[in-house]
Asks: 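Below is the structure I would like to discuss, written out as structure tokens.
In what follows, chains are A, B, ... by sequence order, proteins preceding strands, each numbered from 1.
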Amino acid sequence: MLFKTKELSFAHPGRKILKFPDISLDASEALLVLGESGSGKTTLLNLLAGLLHPLTGSVILDGKELSQLSGSKLDLFRGKNIGIVFQKPHLLAPLSVKENLEMAHFLAKTSGQAIKSLLEELGIGSKLNAAIQTLSEGEAQRVSIARALVNSPKLILADEPTSSLDDHNTEKVIGLLKTQSRKIGAALIIVTHDQRVKNHISNFIEVKAS
Amino acid sequence: MNILKLSWKYLSFKPLSTGLNMLLLALGLAIITVLLLIQDQFEKKMTQDAEGIDLVVGAKGSPLQIILSAVYHIDFPTGNIPMKEAMRLDQSRLVKSTIPLALGDNYLGYRIVGTNHDYLAMHEVDYQEGKAWELPFEVVLGAMVAEKTGMKVGETFTGSHGISEGSHDHEAHDYEIVGILEPKGTVVDRLVMTSIESVWLTHDEEEEEAHVEESDADHQKKFHSPVAKSGFPKTEQDRDVTALLVQYRSPMAAVQLPRMINSATSMQAASPTFEMSRLFELLGVGVTLLQGLAFVLIGISGLGIFIALYNSLKERKYDLAILRAIGASRFQLLLMVFLEGIILTVLGAVLGIILGHSFLSLLVSQNDQGVVSSLHPWVFLKQELWIVVYALLVGIVASLIPAWTAYQTSIAKQLTKA
């Protein structure tokens, strides 16, 4: 098993304890996490990425338990092994497309994938040296996918990656995430309430506010 | 990519705010640079020019004016003193040596100083060309005078009355250049030096012209007999000199001589060290004021840098979270903010130092003849390194709080907020 969670729970201050179903994924497998807004989907994603510490339970990626790592070690592990695609692209505006991806290389201390060919595979090869402000919404989202992929991580997490995209772009983005994660042998977890995504990935769990 | 480059990208992403803060800091530091340079060079120059002069004796008046006119050749003389009295002083057992000066004329604003060869020896001059004067109306030019006027040995010129440019010319007799000095970086660079006899004769001519015609023999005797090379010129008449530069025989003289001169003669004694320290004390108020202004500017720029960093961090909280999410440690974010502050201030410091030197060189190029003109604007001082260190401190202090904020940023909270 490449990725596994056990009896994860989390408590936001002053609110009820959230309990999450266990997840286990093999390399190249994909999983949808569905749920109403406010059900704790994003909290789960933060726990899976090691951005939040769980109240109980454990997250194990490639044999390493995230809660055992701390401080800069966890940051480095995340940079190397977990690629995150956020709801909005959130690229670093002062840097060009290429520099955004180089930054990911630098911070994770890896040379990862070749930037140019990755961008070409995502259909934005011509934007290599473009400034961030000149990108369209769809292009920017694809650059953020490229940033998540560029270090060849073992786990790809996507938080509502399609919520602001039209049908055509949604299909494209989900297709790219699937093919790319399969190509590098990474597990893929997409958190969404977007029904359109369901048609592409059958494997899912549901998070319910209890 | 690395953190330094990232910091630079963020700075250059906002050129206006970055530029303004840098300029503000640079202005403050430029003022300090100019003050440092002027203070250092002035003091050095002032002591250099007054070397070997323990006391200056001139006509009654302001002692500071006597020093400024007779040692530094910037102010007007207080008047003349009778040479007989000056000669009596020379005989005093307290006095080791004296050099008489006769001022009052100029050539294109460069002062003509009547003196003897001791004056040249005191300033330890070397000759670029030619030699010292032997006859009346022979002159030696300071290096700067020669350079600015372009005159050579053998050429002649007419002096003008008064010590500043634009008064009427002495047409009666021309000066002849017999020597040009090497640049020394002292007051002699901007002087025209000749014998006391030349200065006297120039003024005699004017008066006599209207009266009697001299016989050729008289003229010959007057204008072609060698001048005194040391001590006072030989004459039967009651003549005046402008000032007397005195060197003491013993430290005791410093106590007795000035008092004796001031009370027992019609002359006034002034000590260069004492008067100059008095002058610096007077100027000190202005310098302190300027320094204060500079520090206020630096303080404001520090505040500006702080506000700019703090605001840009508020806008960048999401960027910080993203950086953490793709592998940056807290420490790297801290470093990024500090580097931004440091880059900004170091660039500001370098710009400030360049500005300061350029400003001084502009000042020098605007002043042909004054004391300012002999300053060297492109000499760099060790203290200027302290300016950079000081600027760095400003940068670090201004980045403290923003950097701490960056360090504290919670990624999960930021990422879920949007």
Asks: Which residues in residues 63-78 of chain A have a heavy atom less than 4.5 Å from any heavy atom of chain B?
Replies: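 Contacts with chain B: A/Ser72, A/Asp75, A/Leu76, A/Arg78.
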
Asks: To the nearest 0.5 Å, how far apart are CD1 in B/Ile322 and CD1 in A/Ile84?
Replies: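 It comes to 8.0 Å.
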
Asks: Distance from B/Leu323 atom CG to A/Leu92 atom CG, nearest 0.5 Å?
Replies: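 Between B/Leu323 CG and A/Leu92 CG, I get 5.0 Å after rounding to 0.5 Å.
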
Asks: Which atom pair, heavy atoms only, marks the closest approach of B/Ala325 to A/Phe86?
Replies: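 Looks like CB-CZ, 3.7 Å.
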
Asks: Output the option from A/Leu95, A/Asn151, A/Leu52 having the highest count of non-hydrogen pairs under 4.5 Å with chain B.
Replies: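 Most heavy-atom pairs under 4.5 Å with chain B: A/Leu95.
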
Asks: Let me confirm one number: the NZ-CD distance from B/Lys5 to A/Glu102, rounded to the nearest 0.5 Å.
Replies: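 Nearest 0.5 Å value for the NZ-CD distance: 6.0 Å.
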
Asks: CD1/B/Ile3 to CE/A/Met103 distance, rounded to the nearest 0.5 angstrom?
Replies: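 Result: 4.5 Å between the selected atoms.
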
Asks: Can you say whether A/Ala93 sits under 4.5 Å from chain B via the side chain, the backbone, both, or neither, judging by heavy atoms?
Replies: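 Both the backbone and the side chain of A/Ala93 come within 4.5 Å of chain B.
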
Asks: Heavy-atom cut-off 4.5 Å, strictly under: side chain, backbone, both or neither for A/Ala49 against chain B?
Replies: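 A/Ala49 has no heavy atom closer than 4.5 Å to chain B.
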
Asks: Please determine whether the number of non-hydrogen atoms from other residues, nucleotides or ligands lying under 6.0 Å from atom NE2 of A/His53 exceeds 12.
Replies: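 It does not: A/His53 NE2 has 12 such atoms or fewer within range.
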
Asks: Which one wins on heavy-atom pair count under 4.5 Å against chain B: A/Pro94, A/Pro153, A/Ala108, A/Gly79?
Replies: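 Looking at each of A/Pro94, A/Pro153, A/Ala108, A/Gly79 in turn, A/Pro94 comes out on top.
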
Asks: Within a reach of under 6.0 Å around CD of A/Glu36, are more than 12 heavy atoms found that belong to other residues, nucleotides or ligands?
Replies: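 No, because the 6.0 Å sphere around CD of A/Glu36 holds 12 heavy atoms or fewer from other groups.
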
Asks: Parallel, tilted or perpendicular, judged at 30° and 60°: which one describes the rings of B/Tyr318 and A/His90?
Replies: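 Plane angle under 30°, so parallel.
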
Asks: Answer with side chain, backbone, both or neither: which region of B/Leu11 has an atom nearer than 4.5 Å to a non-hydrogen atom of chain A?
Replies: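 Interface part for B/Leu11: neither.
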
Asks: Is the count of non-hydrogen atoms from other residues, nucleotides or ligands lying under 6.0 Å from B/Leu362 atom CG greater than 12?
Replies: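 It does: B/Leu362 CG has more than 12 such atoms within range.
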
Asks: Could you tell me which portion of A/Glu160 (side chain, backbone, both or neither) has an atom closer than 4.5 angstrom to a non-hydrogen atom of chain B?
Replies: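 It is neither, since no heavy atom gets under 4.5 Å.
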
Asks: Tell me the residues of residues 329-343 of chain B whose non-hydrogen atoms fall below 4.5 Å from those of chain A, in number order.
Replies: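 Expected list: B/Ser329, B/Arg330, B/Gln332.
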
Asks: Measure the shortest side-chain to side-chain distance between B/Leu6 and A/Phe106 over non-hydrogen atoms and say whether it is less than 4.5 angstrom.
Replies: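 No. Closest side-chain heavy atoms not under 4.5 Å.
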
